[in-house]
Amino acid sequence: MFRSLSGLTTRGRCLLAAGVAAAVCAVVLNERDLLRVAVFVVALPLLIALFIAASRVRIGASRKLLPERVSAGSAGEVELALWRDGKLPAGEVLLEDGVPYALGSRPRFVVERLPHGRVIALRYPIQPMMRGIQQVGPLRATLTDPFGLCEFDRELIAHSRLVVVPKVVSLWGLPSGAGIGAGDDGSVRLHAGQGETDVVVRQYRQGDDLRKVHWRSTARRDEIMVRVEERPWRGGTTVLLDHRAAAHHGTGPAASLEWAISFAASVCVHVRRAGHRVRLVTEHGKPLADVPGDGGEGYDNVLLDALAALQPAHQRDLTTGHDPAEGQELIAILGTVSNQAVTELARFRPRGIRSLAVLLDTPAWSGGVSAPEHRAAATEESAALLRAAGWGVVVAGPNSPMPQVWGDLCRTAAGRGTLIGGAL
């Protein structure tokens, strides 16, 4: 009883109060006609509240996300369908769908008369700016009687899952030379054959065995060149994504971590669609997603879903303890890394296998200047250490277009490939 009375609107409460006041006046003045009117006025909102609460107007609804997987920054749409069962008339219906702040404003609809046996379609747009797994809902309805005397809240639909995947940018070209784009599965085997035409050489690095110096190439290039020994080769490319919270700056969609995740997704999709096998690993070398190159669109969805749900790691520094690429070519997307981490990462990489890195100038994401002459000293020092270890390095800032960064990385790889395979 009391639960039903709680649904009375302001109009219903005022009518109830007026009826009680009229009844008191009728008793004091001994007016029977006024008492009859007072009883009717008091009974009307009470009967309507009890009737609606007991009958429970049956309203059905459905929700459809168009599409269920949307890219960050792209527009989507939610379609609602509303209908009424039963012959009991329904008054005004106020609909409110629970939409997270990251998807836009919370939509509200008012349906004045809900017809019987006919579906009413409602639509509202969403535009997620941040990747992640979002929950849309619940859809709540506030029902009122035709007289507007009482109202009740109903939950029509629970939550719906919306996957907001990272933005994938179109890239062009592939790193050429001793790696992607050559040989089976994007690989080239390095031979140390007996014939001079089979010798693969590269520049001398500190610590190389002097017995491997290739004197003919050294004389021709006027710099010390060493032979590259044959190594077991596992075709494919490994993309290493550094997603440590301590390694990135900025917040929201403009954070350096979001740039790194979007770039990693773009590289993986681009290289896979070129017909190569792709492994995506974290900064500790643990696989995040494995996308075979012979897969279809479903493989891209597995990768993008994994990146959509990726949360920042809480480790302070980058530690691998082994080769994260497991003998494959490596493309590392790194945030702020210490010199010790750079040394360890380079130490476990086999000689003669191409290693590329996109080093983010993360202080620039905090409002700094990303021009080369103003880059943080730590970023330049890390880049110098990687280059000294034979890596191809490109430094990226918040205003660096991803296609341009990829193009620079391809040109850097081509230069490294020339140094490695200069005797071919």
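Values reported hereafter were calculated over all heavy atoms of this structure, with side chains retained and with hydrogens, waters and symmetry mates removed. All values derive from a computational prediction rather than experimental measurement.
Each of L360, L385, L359 was evaluated against V337; a single residue qualifies, L359, per the side-chain contact (heavy atoms from CB on, under 4.5 Å) test. With V267 as reference, I331 is the one residue of V278, I331, V405 to meet the side-chain contact (heavy atoms from CB on, under 4.5 Å) rule.
Within a 6.0 Å radius of NE2 in H322, other residues, nucleotides and ligands contribute more than 12 heavy atoms.
Although no hydrogens or angles enter the test, the distance criterion places a donor-acceptor pair under 3.5 Å between the side chain of S266 and the main chain of V169. When atom types are taken as modelled, the side chain of R316 and the backbone of R244 share no donor-acceptor pair closer than 3.5 angstrom. Formation of a donor-acceptor pair under 3.5 Å by the S338 side chain with backbone atoms of A341 is found in this model. A donor-acceptor pair under 3.5 Å is absent between the side-chain atoms of Q127 and the main chain of S74, judged by distance alone. Distance alone, capped at 3.5 Å, is enough to place a donor-acceptor pair between the W406 side chain and the G173 backbone. The main-chain N or O of R354 is found under 3.5 Å from a side-chain atom of R349 such that the two form a donor-acceptor pair. In terms of modelled atom types and a separation under 3.5 Å, the side chain of R131 and the main chain of L307 share a donor-acceptor contact.
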query = What do the steps show when you test R63 against D97 for salt bridge (Lys or Arg N to Asp or Glu O under 4.0 Å), and what is the final call?
reply = CA-CA 10 Å; R63 180 195 297 118; D97 207 2; 2.9 Å; yes
key: Derivation of the side chain to side chain contact (heavy atoms under 4.5 Å, CB included) call for V168 and H270   = CA-CA 9 Å; V168 176; H270 175 66; over 6 Å; no
inquiry  = Could you walk me through whether M225 and V213 satisfy the side chain to side chain contact (heavy atoms under 4.5 Å, CB included) test, starting with their C-alpha distance in whole Å, then the side-chain angles of each, then the deciding distance to 0.1 Å, before giving a yes or no?
reply    = CA-CA 6 Å; M225 308 295 292; V213 173; over 6 Å; no
Audit row: L241, T282, side chain to side chain contact (heavy atoms under 4.5 Å, CB included) steps and yes/no = CA-CA 5 Å; L241 174 62; T282 65; over 6 Å; no
inquiry  = Between T379 and T336, is the side chain to side chain contact (heavy atoms under 4.5 Å, CB included) condition met? List the steps.
reply    = CA-CA 7 Å; T379 304; T336 301; 5.7 Å; no
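Using a 4.5 Å heavy-atom threshold, the side chains of P287 and L280 count as separate. Side chains of R140 and P138 form a contact here, defined as non-hydrogen atoms less than 4.5 Å apart. At least one side-chain heavy atom of V70 sits under 4.5 Å from a side-chain heavy atom of L162. Side-chain atoms of E283 and Q315, non-hydrogen and from C-beta on, do get closer than 4.5 Å to each other. The shortest side-chain heavy-atom distance between L122 and V78 does not fall under the 4.5 Å cut-off. A heavy-atom distance below 4.5 Å is found between the side chains of H243 and L310. L330 is not listed as a side-chain neighbour of I353, based on a closest heavy-atom distance of 4.5 Å or more. Residues L288 and V281 have side chains not in contact (no heavy-atom distance under 4.5 Å, counting atoms from C-beta outward).
L257 approaches P312 most closely through the heavy-atom pair CD2-CG, 3.7 Å. Taking each heavy atom of P107 and V99 in turn, the nearest pair found is CD-CG2, 3.5 Å. Nearest heavy atoms, A254 versus W365: O-CD1, 2.8 Å. Counting all heavy atoms, side chain and backbone alike, P166 lies closest to S262 at CB-CA, 4.2 Å. Considering all non-hydrogen atoms of both residues, R279 and T238 come closest at NH1-OG1, 2.9 Å. For the residue pair L95 and L82, the shortest heavy atom distance occurs at CD1-CD2, 3.5 Å.
Between the side chains of T362 and S256, no donor-acceptor pair is found at a separation under 3.5 Å. A donor-acceptor contact under 3.5 angstrom links the side chains of E381 and N339, judged on distance only.
D300 has a carboxylate O that lies under 4.0 Å from a charged side-chain N of R272, or vice versa, which qualifies the two as a salt bridge.
To the nearest 0.5 Å, the span separating CG on L103 from CE on M130 amounts to 12.0 Å. Of the inter-residue distances, the one linking F348 atom CZ with S355 atom OG reads 13.5 Å to the nearest 0.5 angstrom. Note that the NE2 atom of H214 and the CZ atom of R221 stand 11.0 Å from one another [nearest 0.5 Å]. Residue D242 holds its CG atom at 8.5 Å from NE2 of H284, rounded to the nearest 0.5 Å. To the nearest 0.5 Å, atom OG1 of residue T251 and atom CD of residue E258 are 10.5 Å apart. Annotation: the span from L240 atom CG to L356 atom CG amounts to 12.5 Å, rounded to 0.5 Å.
Judged as a side chain to side chain donor-acceptor pair (under 3.5 Å), and not counting sequence neighbours, Q134 has no contacts. Residues meeting the side chain to side chain donor-acceptor pair (under 3.5 Å) test with R108, sequence neighbours left out: E96.
Here the two rings, on H248 and W259, have centers that are 6.0 Å apart or farther.
Using cut-offs of 30° and 60° for the angle between ring planes, the F109 and Y124 rings count as tilted.
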